Amino acid sequence: MSKNDLNFEVIGCAMRVHSALGPGLLESTYEACLCHELKQVGLNVLRQKPIPLVYKEIQLEIGYRIDLLVEDQLILEIKAVERIDDIHLAQLLTYLKLSNCTQGLVLNFNVASMKNGIKRVVNNHQSL
């Protein structure tokens with residue numbers, strides 16, 4: 001599946017979850033429901049995948065976790081906030097660098113229309 005096709009499929013699943021649940025719930029609720037929806041369409045999904053930080057050749061397990069990793073290539077950062085801020089985009093970019101993935105989506109479910117809650121982040125640089 002191409003990256004564009006994968007993005008399209010994931011966004012469709014997110015819109016179905018949002019349509020069913022609406023805004024106002026916890027991030028963990030949207031994460032669990034989206035994980036289920038993605039698996040229903042046949043995608044490989046890992047939930048709360050730990051990612052280590054390597055500092056001066058030392059691998060540190062210090063609690064960084066990817067909300068959802070789809071097909072070992074697309075990171076989904078799930079939010080239920082008033083608006084997506086730069087810090088949310090920076091968080092996802094850091095996860096992309098730490099995991100050597102090249103693309104991710106911040107999905108904010110606390111919006112009236114899901115199309116207003118989607119931000120794509122691309123990492124074109126070396127990992128940390």
Side-chain angles (χ1 to χ4, degrees):
M1 177 179 290
S2 75
K3 290 181 181 183
N4 285 337
D5 289 342
L6 182 58
N7 278 313
F8 183 79
E9 190 73 47
V10 167
I11 289 169
C13 288
M15 288 186 167
R16 285 192 292 278
V17 169
H18 187 268
S19 179
L21 300 177
L25 301 173
L26 297 173
E27 290 175 8
S28 58
T29 302
Y30 297 113
E31 180 184 311
C33 293
L34 182 56
C35 183
H36 174 75
E37 192 74 27
L38 293 166
K39 287 179 179 180
Q40 288 292 301
V41 297
L43 295 174
N44 179 31
V45 184
L46 297 175
R47 186 172 175 206
Q48 290 297 312
K49 182 183 184 320
I51 50 174
L53 172 71
V54 178
Y55 178 75
K56 294 186 177 181
E57 293 82 40
I58 299 172
Q59 184 169 312
L60 305 169
E61 300 290 339
I62 54 177
Y64 292 114
R65 294 186 177 277
I66 295 171
D67 288 345
L68 297 172
L69 179 61
V70 183
E71 295 292 320
D72 293 320
Q73 62 179 310
L74 178 64
I75 294 176
L76 305 182
E77 182 61 31
I78 309 302
K79 297 294 180 195
V81 293
E82 186 175 328
R83 69 179 178 277
I84 297 172
D85 288 325
D86 289 343
I87 192 68
H88 302 126
L89 302 175
Q91 176 188 14
L92 178 54
L93 184 58
T94 298
Y95 288 174
L96 290 171
K97 291 175 183 176
L98 290 173
S99 67
N100 290 316
C101 289
T102 58
Q103 64 174 336
L105 296 171
V106 176
L107 300 172
N108 181 20
F109 286 86
N110 196 32
V111 290
S113 173
M114 191 63 204
K115 69 179 182 178
N116 297 324
I118 303 167
K119 295 287 183 185
R120 185 170 180 239
V121 177
V122 177
N123 174 30
N124 293 322
H125 302 289
Q126 295 290 324
S127 62
L128 293 175

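Everything numeric here is computed off the predicted structure, so don't read it as measured data. Here, residue 1 is the first one in the sequence, and each next residue gets the next number.
Surrounding CG of D5 are more than 12 heavy atoms belonging to other residues, nucleotides or ligands, all under 6.0 Å away. Within a 6.0 Å sphere centred on CD1 of I62, other residues, nucleotides and ligands contribute more than 12 heavy atoms. For E82, the CD atom counts as loosely surrounded, since its 6.0 Å shell holds 12 or fewer non-hydrogen atoms of other residues, nucleotides or ligands.
Cluster annotation: V10 and V41 are assigned to the same hydrophobic cluster (Ile/Leu/Val/Met/Phe/Trp/Tyr, side-chain heavy-atom contacts under 4.5 Å, transitive). Residues Y95 and L68 do not share a hydrophobic cluster, defined by chaining ILVMFWY side chains whose heavy atoms lie under 4.5 Å apart. With hydrophobic clusters built from ILVMFWY side chains whose heavy atoms lie under 4.5 angstrom apart, M1 shares a cluster with L105. Under a hydrophobic clustering in which Ile, Leu, Val, Met, Phe, Trp and Tyr are joined whenever their side-chain heavy atoms come within less than 4.5 Å, directly or via other members, L46 and L34 fall into different clusters.
Note: S2 OG to N7 CG = 8.5 Å, rounded to the nearest 0.5 Å. Rounding to the nearest 0.5 Å gives a distance of 9.5 Å between CD of E9 and CD of E37. A distance of 11.0 Å separates CG in L69 from CG in L38, rounded to the nearest 0.5 Å. We find the CG-CZ distance between L21 and R16 to be 13.0 Å, quoted to the nearest 0.5 Å. Between the CG atom in L74 and the SG atom in C101 there is a gap of 8.0 Å [rounded to 0.5 Å]. One distance of note links CD1 of I66 with CD1 of I78; it measures 12.0 Å at 0.5 Å rounding.
The closest side-chain heavy-atom distance from E71 to L6 is below 4.5 Å. In this structure the side chain of L76 reaches within 4.5 angstrom of the side chain of V70, judged on heavy atoms. At least one side-chain heavy atom of E77 sits less than 4.5 Å from a side-chain heavy atom of Q91.
A pairwise comparison of heavy atoms in I75 and S99 identifies CD1-OG, 3.3 Å as the closest pair. Closest of all the heavy-atom pairs between V45 and C35 is CG1-SG, 3.8 Å. Residue R47 comes nearest to S28 through the heavy atom pair NH2-O, 3.6 Å, listed as atom of the first residue, atom of the second, then distance.
Formation of a donor-acceptor pair under 3.5 Å by the T29 side chain with backbone atoms of L25 is not found in this model.
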Identify all side-chain donor-acceptor contacts of residues 106-121 below 3.5 Å with residues at least two apart in sequence or on another chain.
residue	atom	partner	partner atom	Å
N108	OD1	V81	N	2.9
N108	OD1	N110	N	3.2
N108	ND2	V81	O	3.0
N110	OD1	G24	N	3.4
N110	ND2	V81	O	3.4
R120	NH2	Q103	OE1	3.4

Distance-only check: which donor-acceptor pairs under 3.5 Å involve side-chain atoms of residues 48-55, not counting sequence neighbours?
residue	atom	partner	partner atom	Å
Q48	NE2	E31	OE1	3.0
Q48	NE2	E31	OE2	3.1
Q48	NE2	D67	OD1	3.3

